[in-house]
Amino acid sequence: MLYRNLSTNAQGHLTIAGFDACELAATYGTPLYVLDEDVVRAKCRTYVEAMRTYLPKGSMPLFASKALCFKGIYPVVASEGMGADVVSAGEIATALAAGFPAQHLYFHGSNKTDAEVAYGVEQGVGCFVVDNADELAALSREATARGVTQDVLLRVTVGLDPHTLAAINTGKVDSQFGVPIETGQALAFVRQAIVTEGVAVKGFHSHIGSQIFEASSFCDQVDRLLAFACDVRDELGFVASAFNLGGGFAVPYVETDDSVDIAANIAAIARHLEDGCKTAGYPMPRVLMEPGRSIVADAGVTLYAAGRIKTIEGYRSYVMVDGGMTDNPRYALYKSSYTVLNASHADAPADFECTIAGRCCESGDRIAEDIRIARPERGDIIAVLATGAYNYAMSSNYNRVMRPALVMLHDGEARLAVRRQTIDDLLATEL
Ligand code: LLP
């Protein structure tokens, strides 16, 4: 199996962390998000330990909430020694409601509203990642009005083009995120920020994109960030004590994808930064990273029930499941590849070529096209692997389909962490 926590049992069913997927589906209903908490914890530990080993004191990974935001994730990442990146009042409130310490929150967002800026300051968010000069002014107003000095990082774009999907490639000069170095605007941004009242500039943030396989892209990012930091020091006399490198490590979704050795990559990035700092005579900054996908993606499996199975003569067969783009819009948005199994016959040969379609009235509602699974019957449980990141987080109520439940598996126990939505939930906000 592609992931080590998956196997098959004597009934030929898929097991996830030892749990029979068909039993989970019977107990909690379908569609069902299943999250193996032990995989999440192991990933957190890999980041925490590697960053402690290879990087200066104070370096730490921050979980990118956008990948999977619900109350139950925060005690897990907090207890493993991670901070968190949040991008909205909603994500802040979710983290705080789960008891996450506000001082370990890094508040992102390219277009925070003034109300959100005020809320972040009020709630004692540890650090703002300030995206632009407008936000800086709003933050200064809110902080000085409350008599506080807010720690900030300034988000810059390093002008890199890593090989990933255009929709998730954020480090280019032409981007709505951050302030570009190349045009000279980033330097002006720092010049202004270091004299702005109510904020204390700690360093710089840059995020080059997501689902990136090559460590070399991150080394290029470090080079550009360090060169910029040196220019800032020479021009303005300001020395950064922190670099936040964003997220982006890739995960394998299908057998042909490589898997990324997180610890080795962190070691390589650390060595690279250390060498660069030595050469430039720049004090080694502490480093923050913001992994999302690589913490939760392969900890997740979505279980569906197969519904109608339809063969269009001369074309293809469709297996229709009881969810789809509403719980996982990634194929519709990015044509993302997934590994799909018939969890009811996980040990049978995968010899039935089909397209997995969702239940929405939209021909783009697909999970995977032209794949092979063991021939399903109506009622079989269909498992889609590595759905822990950007699935629940990006789910919708399109067609008034209700959001699935989410179950967490930990130490041999299953716990309902998000209950299935009801019709009452759907109608709750409508007057
Ligand atoms: N930090 C910042 C500033 C980000 O914008 C992101 C992702 C991350 C960290 C986390 O990156 P990760 O480690 O998860 O790659 N919806 C898309 C992904 C969008 C990513 C946006 N930013 C998808 O489903 O692939």
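Every number for a ligand or one of its atoms is a count from 1 in the order of the listing. In what follows, every heavy atom counts, from backbone to side chain, and hydrogens, waters and symmetry copies are set aside. For reference, positions follow the sequence shown, starting with 1.
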Check your understanding: What pairs with Arg372 under salt bridge (Lys or Arg N to Asp or Glu O under 4.0 Å), at least two apart in sequence or on another chain?
Key ->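 For Arg372, the residues satisfying salt bridge (Lys or Arg N to Asp or Glu O under 4.0 Å) (neighbours in sequence not counted) are Glu353.
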Check your understanding: In chain order, what residues pass the salt bridge (Lys or Arg N to Asp or Glu O under 4.0 Å) check against Asp36, with sequence neighbours excluded?
Key -> none
Review point. So do Gln221 and Ser206 actually touch side chain to side chain, heavy atoms under 4.5 Å?
Key: yes
Check your understanding: With a 4.5 Å limit on heavy-atom distance, are the side chains of Arg293 and Tyr253 in contact?
Key -> yes
Does ligand 1 have a heavy atom under 4.0 Å from the side chain of [X], from its backbone, from both, or from neither?
X	answer
Tyr334	side chain
Met289	neither
Asp85	side chain
Arg330	side chain
Arg293	both

Report, in ascending order of atom number, the atoms of ligand 1 lying under 4.0 Å from any heavy atom of [X].
X	value
Met394	16 (N), 24 (O)
Ser210	11 (O), 12 (P), 14 (O), 15 (O)
Gly247	1 (N), 9 (C), 11 (O), 13 (O)
Glu290	1 (N), 2 (C), 3 (C), 8 (C), 9 (C), 10 (C), 13 (O)

Could you say whether the N/O atoms of [X] and ligand 1 ever approach to under 3.5 Å?
X	result
Gly248	yes
Arg155	no
Gly246	no

[X] side, atom [atom1]; [Y] side, atom [atom2] - distance, nearest 0.5 Å:
X	Y	atom1	atom2	value
Ser65	Leu105	OG	CG	7.5 Å
Ile295	Phe249	CD1	CZ	10.5 Å
Tyr338	Arg330	OH	CZ	4.0 Å
Ile356	Tyr304	CD1	OH	9.5 Å

Practice item. Consider ligand 1: state whether an atom of it lies below 4.0 angstrom from any non-hydrogen atom of Pro291. Key: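 Pro291 counts as a contact of ligand 1 under the 4.0 Å cut-off.
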Exercise for review: Report yes or no: does a heavy atom of Ala67 sit under 4.0 Å from some atom of ligand 1?
Suggested key: no
Check your understanding: Checking Thr355 side chain against Tyr318 main chain: does a donor-acceptor pair fall under 3.5 Å?
Key -> no
Point to revise | CZ/Arg359: more than 12 non-hydrogen atoms of other groups inside 6.0 Å | key: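 Not buried by this count: 12 neighbours or fewer within 6.0 Å.
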Check your understanding: Considering only heavy atoms, which of Gly292, Ala389, Ser294 lies nearest to atom 13 (O) of ligand 1?
Key ->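 It is Gly292 whose heavy atom sits nearest to atom 13 (O) of ligand 1.
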